[in-house]
Amino acid sequence: MRNTKEKRRRRRKRAIRRMFWRGAIALSGVLILLLTWNLTSCALRYLSPSDDRQQEDMEEEGEDRERKEEKEEAVRTTADAADLLLVNKTHPLDSAWKPNLIRIREYGVEVDSSIADHLREMLAAGEKKGLSFWIASAYRSTQRQRELLDEDIEALIHKGYSYSEAYEEVVRETMPVGCSEHATGLAVDIVAKDYQILDEKQGRTDEILWLQQNCSRYGFILRYPEGKEDITKVSYESWHFRYVGVEAAEEIMSQGLTLEEYMESVE
């Protein structure tokens, strides 16, 4: 009888232990499911922003795009304005003007970055025709302009000119300080590499003749053409080319205009 009761007690204990472990396992499964669900929900919330967040992101992207477009338009407008910048004896360059200079290493000069590629392309096209160029002058600071002016005036004074006579003679070819296009970085003096003298013969070289016929295709004009001295107030310079953009250049060169005449026509 005692053995029977003992067996029953043992069976009950085993049954209780089995129920306990089954319950523990079931509870563990529920906890794991809850934990997995919470982690998944958090991940989804992090990776998939709410509608409000998505709307905010879209608005921010739109604002960034608008700011970028406004900046690009401002750059284009500034570039266009620079292309058609008029600098002469009656329109001196603003003292605040600061060109964005880039060095053309193959010629040892500096120009405004906006014209560098156009200049290289033009000269490369001419070289393919068997021509050989040299850039005699490009960007020139106001200080350098002053030095050149003073040197030329002094040379004439030594020849017997008065200062006023020497000044009037010099500024026919050398611009007064503040009035030179070279300070803009948009103008270059180009010569034949095998003949680098700035005189009448330069205008008869194959290089200059080709440039005068083709420069407008690359946005350049002959700035001081022959027969227009009364308008430009500068003697004919076959070597002086100025970047104004392709559209303006083609109109100016095809119609035989000066930059002064063109600017007056578009105002």
Side-chain angles (χ1 to χ4, degrees), residues 82-99 101 103-104 107-112 115 119 133-193 195-205 207-208 211-212 215 220-244 252-253 257-263:
D83 292 346
L84 293 176
L85 179 67
L86 179 62
V87 179
N88 58 26
K89 294 176 182 178
T90 57
H91 294 81
L93 185 63
D94 190 323
S95 60
W97 177 268
K98 299 292 182 184
L101 296 175
R103 190 166 185 79
I104 308 294
Y107 298 102
V109 297
E110 291 180 313
V111 298
D112 189 86
I115 79 167
L119 179 59
F133 304 99
W134 188 251
I135 300 178
S137 183
Y139 169 73
R140 188 187 301 154
S141 68
T142 54
Q143 178 60 34
R144 180 55 181 158
Q145 186 70 17
R146 183 176 289 106
E147 292 172 358
L148 292 174
L149 192 69
D150 290 343
E151 289 171 5
D152 291 344
I153 291 174
E154 186 176 354
L156 289 181
I157 289 175
H158 286 317
K159 291 182 179 180
Y161 286 71
S162 68
Y163 179 86
S164 60
E165 290 173 338
Y167 180 86
E168 289 300 323
E169 181 66 23
V170 167
V171 296
R172 291 176 59 190
E173 294 185 359
T174 303
M175 281 292 193
V177 176
C179 300
S180 172
E181 284 195 327
H182 285 288
T184 68
L186 303 172
V188 286
D189 291 342
I190 306 175
V191 296
K193 193 170 184 178
Y195 186 80
Q196 299 183 24
I197 302 173
L198 304 182
D199 62 5
E200 291 183 1
K201 186 178 177 181
Q202 186 65 236
R204 297 193 292 273
T205 63
E207 283 77 7
I208 294 301
L211 285 171
Q212 291 186 6
C215 64
F220 289 87
I221 62 170
L222 178 66
R223 181 65 179 88
Y224 305 120
E226 191 171 15
K228 296 283 188 173
E229 292 86 351
D230 59 328
I231 297 174
T232 64
K233 308 303 180 186
V234 178
S235 300
Y236 170 51
E237 293 187 359
S238 64
W239 54 83
H240 186 104
F241 295 88
R242 161 69 193 277
Y243 186 82
V244 295
I252 289 171
M253 293 301 291
L257 302 174
T258 63
L259 183 57
E260 284 82 0
E261 292 172 310
Y262 179 77
M263 294 291 288

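Positions are given from 1 along the sequence.
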Next on the checklist: Is any side-chain heavy atom of E207 closer than 4.5 Å to one of V191?
Outcome noted: no
Next on the checklist: Quick check: closest heavy atoms across L93 and A183, and the distance to 0.1 Å?
Outcome noted: CD2-CB, 3.7 Å
Item to check | Non-hydrogen atoms of G227 and D230 that approach each other most closely | outcome: O-OD1, 4.0 Å
Checklist entry - So does K89 have more than 12 non-hydrogen atoms from other groups sitting under 6.0 Å from NZ? => result yes
Checklist entry - Yes or no on side-chain contact (heavy atoms from CB on, under 4.5 Å) for L259 and I221, after CA distance, side-chain angles and deciding distance? => result CA-CA 8 Å; L259 183 57; I221 62 170; 4.2 Å; yes
Checklist entry - What is the minimum heavy-atom distance between C179 and P92, and which atoms define it? => result SG-CB, 4.0 Å
Item to check | Side-chain (Q145) to main-chain (M175) donor-acceptor, under 3.5 angstrom | outcome: yes
Next on the checklist: Set out, in order, the CA-CA distance, both residues' side-chain angles and the distance that settles side-chain contact (heavy atoms from CB on, under 4.5 Å) for Y262 and L84, then state yes or no.
Outcome noted: CA-CA 9 Å; Y262 179 77; L84 293 176; 4.0 Å; yes
Item to check | Inter-residue atom distance H91.NE2 - L85.CG, 0.5 Å rounding | outcome: 10.0 Å
Item to check | Atom pair CZ (R242) and CD (E237), whose distance is rounded to the nearest 0.5 Å | outcome: 14.0 Å
Next on the checklist: So that I can tick it off, tell me whether E260 and R223 are bridged by a salt bridge, with the cut-off set at under 4.0 angstrom between side-chain N and carboxylate O.
Outcome noted: yes
Next on the checklist: Can you confirm whether V109 sits close enough to V188 that some side-chain heavy atom of one is under 4.5 Å from a side-chain heavy atom of the other?
Outcome noted: no
Item to check | Spacing of D189 atom CG and W239 atom CH2 [to the nearest 0.5 Å] | outcome: 7.5 Å
Item to check | Test item: E181 side-chain N/O and N88 main-chain N/O as donor-acceptor pair under 3.5 Å | outcome: no
Next on the checklist: As an exercise, state the distance from CD of E168 to OG of S162, rounded to the nearest 0.5 Å.
Outcome noted: 9.5 Å
Next on the checklist: Checking the side chain of D199 only, and the main-chain atoms of Q202 only, is there a donor and an acceptor separated by less than 3.5 Å?
Outcome noted: yes
Checklist entry - ring-ring contact (aromatic ring centres under 6.0 Å, His included): which pairs involve residues 148-183, sequence neighbours left out? => result H182-H240
Next on the checklist: So, taking the atom named CD1 in I153 and the one named CG in L148, what distance separates them when rounded to the nearest 0.5 Å?
Outcome noted: 11.0 Å
Checklist entry - How far does OG of S180 sit from CZ of R144, to the nearest 0.5 angstrom? => result 11.5 Å
Checklist entry - If you take all heavy atoms of I135 and A138, which pair is closest and at what distance? => result CG2-CB, 4.3 Å
Checklist entry - Can you check whether S235's main-chain N or O pairs, donor with acceptor, with E229's side chain at less than 3.5 Å? => result no
Next on the checklist: Walk me through whether F133 and L211 qualify under side-chain contact (heavy atoms from CB on, under 4.5 Å).
Outcome noted: CA-CA 10 Å; F133 304 99; L211 285 171; 3.7 Å; yes
Checklist entry - Which atom pair, heavy atoms only, marks the closest approach of L149 to P176? => result CD2-CA, 4.2 Å
Checklist entry - Can you name the closest pair of heavy atoms from Y224 and Y236 and give their distance? => result O-CD1, 3.2 Å
Checklist entry - Side-chain contact, heavy-atom cut-off 4.5 Å: W97 with T184? => result yes
